[in-house]
Amino acid sequence: MILDDLNPRQRAAVEHFDCPLLLIAGAGSGKTKVLTHKIAYLVREKGMHPHRILAITFTKKAANEMAGRVEKMLRIKPRWISTFHAFCVKVLRDDIATLNTGHDKRFVIYDEDDSLKIIKDVLKRFYIDSKEAAAARNTISKAKQEYQDVVKCIAAMPFPLNNYAEVAREYQNELRKSNALDYDDIIYFTTALLLNHDDIALKWQGRFDFIMVDEFQDTNRIQYSLIKLLLGDRGCVFAVGDPFQTIYTWRGAVPENIIQFAEDFAAKEMKLETNYRSARKVLDAANAVISRTGSRWASRVLKLHPDKEEEGTVKYTENADHFSESLSIVRRIRDLSETFCGYSDIAILIRMSFLSRSLESVFMQHNIPYQIVGGLAFYDRAEVKDMLAYLRLSVSPQDKAAFDRIVNIPSRGLGAKALAAVSGNYKTDWMQAIKDTTLPARQKAGAEHFVQIIGKYAGSAEHAPYSALMGLLDDLDYIEHMKKTYKEDHEEREQNLSELSNVLKTVQLQGGTFSSFLEENLLSSEQDKIADEQSVKILTVHAAKGLEWPVVFVPALEEGIFPAAKSLEHMKALEEERRLFYVACTRAKESLFLSSAKYRMKFGQSSYMARSRYIDDIEEVIDRRGEERIECRDNCEGR
DNA sequence: CTTAGGAAACTTTTT
DNA sequence: GTTTCCTAAG
């Protein structure tokens, strides 16, 4: 039976039906279980159709996991378990035309890189230093997340932010011309659509009998509005969250949404405080960390109660430098893997991605299989981005970001001057703009060659991306170009392109399109890239949200790293660092190994580091047995 | 318009 | 230690 393997509180949450429900669920308390079982319960006991339940998760991986578990119980895979972004893209593919923004349903999605490039370009036109691009983008992003008219909202901001109002207008204009949306637009446009068009709001409300939202503490204002719009005047909603796992306020998350939800919907509140994941010592550490919070949520602290018999272990090692730290981690992993567990039972959670470098080199030397999740992702490599840009432009000749990227790669004499002239002639698409521009002889030849190559693949890139890629590589003499440009590591880069060709080959053979391949990649999370293989996983704490391992290492526990330097002066930021450390600790099922270094390389220079305040906070939980042995080994052999 | 070389700036966290 | 920006010569 569906309810059989649930504890009384989980069961109560699953069975609750009369009114909106808010479940405050601590780390490892089985909230995914409650969500999946609730779906099964609604289907079996309340007669709902699985395809009429909308479940919003934080990452695609969580969505897939949840869908898989439900499928096991019901033998049918619910259609609407997805992230906010993936859901909104589906809505927009249907109805974006109604908005009259000038986009059509074949819109492309711009990642951070693309959108930053467009902003830099716009800033140049206003004679603003391109160093402000990040600030401008953040301002625009914030305005969209607050869900107000973007230009007006920015204009009302205090100086100097209000300077970006015109920039925002131009930026949106450029996106429109490219038939592109950035990540924020995906949510923003969907919300605008439902808010301003009753017929469309009714249509989407009518598709769902029940809505669930996971990780509610990390929703932002506009996502909250969106949920309300999808509900209309109904109360068939279930929200799950944990204010102490709020780690995305820098991205607009508003944990107060939880309180707002309780008020707006007069929701019934329930709590889950029994932790089924972690051993006792690990939980003691987590509780000690979070009990020192100074936030206004302090009175609502969930004290996690252990369910497990095992003691577990929490250890702390102080090292001389980053090198001996990595080495001592490797030694420990060696020991563990011989007796206790496999490599894939181990994760190293880091605060900042640059910390993976020293780990990587030592892991390599000692032949420990590892996977770095995130970091410089495959699809961020220059050569991969180049070839993707060629394919993008072939499929969608309005794509400005793609055009800018490769119009002069390999170089064909088209510099700033020529491109300014082409930009001035842009009407419908970039190929036409080139054709409409009169250029000097040398530039003309290069431009014509470019137009001809793109034209050659315009018809085929979408459905035969693999063939198009191979043809492009050939026509562009791209390998030769790489040999010239990258000299040292061109072989590795060729390898990357061959990997890309493998991926696209699969897409092509399975009858997929290039656009859907791109979209999938842009909307997938770091977590989706975790391979199912025997290896130690190295990833940021943020990317580890919602995951668990028997053994977890948290290195670089130093003031300025964890907590991060930029957070030290702001109380709110420090609180978030603390929660982040809490999230890190609660990923461990059995063993938690903490460490720090006295000296660490920063900008190529070794600087002294003070150990993190979190070590002091959990002092009494730390297991000191056997520490001397480890210290000694580090000092004797560690260089 | 390109290229090479050197200086400067820089790293939270990401759907 | 690495990427990006800038300048001056081809």
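Because only heavy atoms are used, hydrogens play no part in the values below, and waters and symmetry mates are left out as well, while side chains stay in. Here is how names work: the chains are called A, B, and so on, in the same order as the sequence lines, proteins then strands, and each is numbered from 1.
Rounded to a whole Å, the NZ atom of A:Lys124 is 14 Å from the C1' atom of C:dC6. To the nearest angstrom, P of B:dA8 lies 12 Å from NZ of A:Lys131. If you take NZ of A:Lys120 and C1' of C:dC5, they are 10 Å apart, rounded to a whole angstrom.
No cation-pi contact links A:Lys537 to A:Tyr370, judged by a cut-off of 6.0 Å to the six-membered ring centre and 45° from its axis. The cationic atom of A:Arg251 (NZ for Lys, CZ for Arg) lies less than 6.0 Å from the six-membered ring centre of A:Tyr248 and within 45° of the ring axis. A cation-pi arrangement is absent between A:Arg137 and A:Tyr171 under the rule of less than 6.0 angstrom and at most 45 degrees off the ring axis. For the pair A:Lys90 and A:Trp80, the distance from NZ or CZ to the six-membered ring centre is under 6.0 Å and the angle to the ring normal is within 45 degrees.
In this model, no donor atom of one side chain and acceptor atom of the other lie less than 3.5 Å apart for A:Gln172 and A:Glu174.
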Might you list the N or O atoms of the protein lying below 3.5 Å from N or O atoms in nucleotides 1-4 of chain B, with each pair's distance?
residue	atom	partner	partner atom	Å
B:dC1	OP1	A:Gly415	N	2.9
B:dT2	OP1	A:Asn408	ND2	2.7

Using the 3.5 Å cut-off, write out each protein N or O paired with an N or O of nucleotides 13-15 of chain B and the distance between them.
residue	atom	partner	partner atom	Å
B:dT13	OP1	A:Ser353	N	2.7
B:dT13	OP1	A:Ser353	OG	2.6
B:dT13	O2	A:Trp250	NE1	3.2
B:dT13	O2	A:Arg351	NH2	3.4
B:dT14	OP1	A:Thr540	OG1	2.8
B:dT15	OP1	A:Glu526	N	2.9
B:dT15	O2	A:His85	NE2	3.2
B:dT15	O4	A:Glu112	OE1	3.1

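When ring centroids are compared, A:Tyr183 and A:Tyr110 stay outside the 6.0 Å threshold.
For the C1' atom pair drawn from C:dT4 and B:dT13, the interatomic distance equals 22 Å after rounding to whole Å.
One distance of note links CZ of A:Arg578 with CZ of A:Phe581; it measures 9.0 Å at 0.5 Å rounding.
At distances below 3.5 Å, at least one donor-acceptor pair connects side-chain atoms of A:Arg587 with backbone N or O atoms of A:Leu547.
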